[in-house]
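For this chain, numbers begin at 1 and follow the sequence in order. Whatever order the structure lists them in is the order used to number ligands and atoms, beginning at 1.
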Amino acid sequence: MKLTVIGCGYLGATHAACMAELGHDVLGVDVDTEKVARLQAGDVPFFEPGLADVLRRNLAAGRLRFTSDHRDAASFAAVHFLGVGTPQQRGGYGVDLRHVEAAVDALIPLLRGDHLLIGKSTVPVGTAAALAQRAAVIAAPGSHIELAWSPEFLREGFAVEDTLSPDRLVLGTDPDGDSGWADEVVVEIYRDILQAGTPFIRTDWATAELVKVSANAFLATKISFINAISEICEVVDADISTLADAIGYDQRIGRRFLNAGLGFGGGCLPKDIRGFMARADEIGASQALRFLREVDSINTRRRTAMVDLVADAVGGDVLGTNIAVLGAAFKPESDDVRDSPALNVAGQLALRGASVSVFDPKAAANSQRMYPMLTYAESAASACEDADAVVVATEWAEFVHMAPDELAAVRNKVIVDGRRCLDPSTWHDAGWRYHSIGGPMRAARSQRAPIPARTSASPQVAEAVAPPAR
Ligand code: UDX
């Protein structure tokens, strides 16, 4: 099929390349001419494992092209995916729909005949209905624009895999219209994926829009739930990781997304729960999502708790200390620093008077733009030179597997694990003081060594006492 993808950011660029990988003829459209030039040259403007290969393979095969001219899009295909960004509004919790509206306004008047627009961006419920009305008003006389909404669930770091092998496909169509054409087109586009047994949920616009924000609200709630329990664990010296393993065996609960630590960040979870609350207020259902305020607040509280933990680990105050922060991206396998807990912690430490040296394998350039006052090192080892404490803030594999002697140039052997991703006994055995956010990390009680006397007054500073549970 011939398809266009409007918006070539994270979602759109991945979608365009993956649609071409499925064998379709794809034209990616973006108003940013520099981005278009880079993509056309086979250069992915952000870090996403595997995407460059898919992009280059399909450019070379002639199935994929990029343009900044909406007229190209209008004449190229009758099916258009909409994948522009929907960030949080400045100064408010609501979603900024400026890019969605601009894309519709730029494309629709140029279309002639019958066209299908399939929204993929994450939008507040009611957006599709409003856009359909807008499209009907601005469409050229005699043209017919059908609108469907098919939310995207891809995770950064797994974007190609999630697009080509999604957990499910959701298609929302006009509840008062005939969904036949949209259904037929989507079945044709995703033929291979559907034949592989992927569940396909057909529904109305509002349900499709809500599926996406509800999924992200649930994931955020799960993470904040375990982090709230970790606050209790910190007080009573219990082990949140063992607790998560134990409750995770209950299949109704499940172990995934129960990793306690610095909490969630990125371009989706934080802004999606806020946008969801803002929309609930607008439709008169504020009470329904009031709990998401607490989810948000538990999450941001982790960042301050982490800074306090670092202060305790260096003797009570970070002022005048050298702190190495390993990790700046909001999660591993990504260079995204939007609402990154790691970078937030680095920034807070600097504001409290520490001299902060950050190392991230991929996110240094993006971090530098956002937090220019921090120092950026070329390697974990150089970030740690003369450090009074080393903070692991993003669980990149190279940090999880690093050996203590790689950081031999530190001033004090103090390590603070913000993602509970290190093996405490490895660090303890090498003479380091190991601290983890969320309480002690230890094996089952029967294997526990005696708990040594505390070196810090704070109950949050949990020193490693025995091998980890995981
Ligand atoms: C998320 C959704 O997973 C995806 O379906 C949606 O399309 C976009 O938003 P993403 O933002 O890429 O994807 O990240 P995700 O893997 O969900 O992680 C979100 C954050 O939660 C990260 O900061 C991660 O470190 C944190 N997290 C995740 C935890 O703190 N604990 C966990 O157990 C899992």
Side-chain angles (χ1 to χ4, degrees), residues 9-12 14-15 46-49 51 83 85-88 120-123 150-163 165-170 208-209 211-230 240-241 243-245 247-248 253-276 295-296 298-303 305-306 327-345 360 363 392-396 399-400 417-421 436-438 470:
Y10 210 97
L11 192 168
T14 307
H15 194 68
F46 46 87
F47 175 69
E48 179 59 42
L51 183 56
T86 51
Q88 186 175 329
K120 291 214 76 69
S121 309
T122 303
V123 291
S150 178
E152 179 57 59
F153 302 97
L154 66 80
R155 294 161 299 165
E156 297 191 15
F158 299 91
V160 171
E161 188 185 323
D162 285 351
T163 308
S165 313
D167 290 334
R168 72 293 209 190
L169 278 175
V170 175
E209 291 163 328
V211 166
K212 174 61 196 275
V213 283
S214 308
N216 276 356
F218 188 84
L219 294 172
T221 304
K222 205 170 174 189
I223 298 167
S224 276
F225 170 82
I226 204 67
N227 280 331
I229 303 296
S230 84
I240 189 64
S241 304
L243 183 152
D245 289 345
I247 65 171
I253 297 173
R255 181 62 179 83
R256 294 178 72 188
F257 270 66
L258 280 185
N259 292 327
L262 258 179
F264 59 82
C268 294
L269 260 47
K271 71 109 176 151
D272 285 353
I273 59 170
R274 293 172 193 155
F276 201 7
V295 166
D296 201 0
I298 293 164
N299 191 53
T300 48
R301 202 153 72 216
R302 290 287 75 200
R303 302 173 185 190
M306 181 71 187
F330 84 103
K331 68 172 192 180
E333 301 303 325
S334 170
D335 64 356
D336 196 342
V337 293
R338 285 175 294 173
D339 210 339
S340 167
L343 210 46
N344 180 292
V345 164
D360 188 284
V392 176
T394 311
E395 67 277 35
W396 282 97
F399 306 150
V400 176
D417 185 355
R419 290 291 179 182
R420 302 177 67 83
C421 60
S436 66
I437 190 169
R470 287 179 302 126

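- Of all non-hydrogen atoms in V400 and E395, the two that sit nearest each other are CG2-O, 3.8 Å.
- Nearest approach of R420 to I437, heavy atoms of both residues: NH1-O, 2.6 Å.
- Scanning both residues, R338 and F330, for their nearest heavy atoms gives O-CB, 4.2 Å.
- Heavy-atom minimum distance, P151 versus A208: CG-O, 3.4 Å.
- Legend: residues meeting salt bridge (charged side-chain N to carboxylate O under 4.0 Å, His left out) with D162, ordered by chain and number and at least two apart, are R155.
- Among all heavy-atom pairs drawn from R302 and G261, the shortest one is CD-O, 3.3 Å.
- Closer than 4.0 angstrom to ligand 1 sit non-hydrogen atoms from E152, F153, L154, R155, E156, K212, N216, L219, I223, F257, L258, N259, G263, F264, G265, C268, L269, F330, K331, R419.
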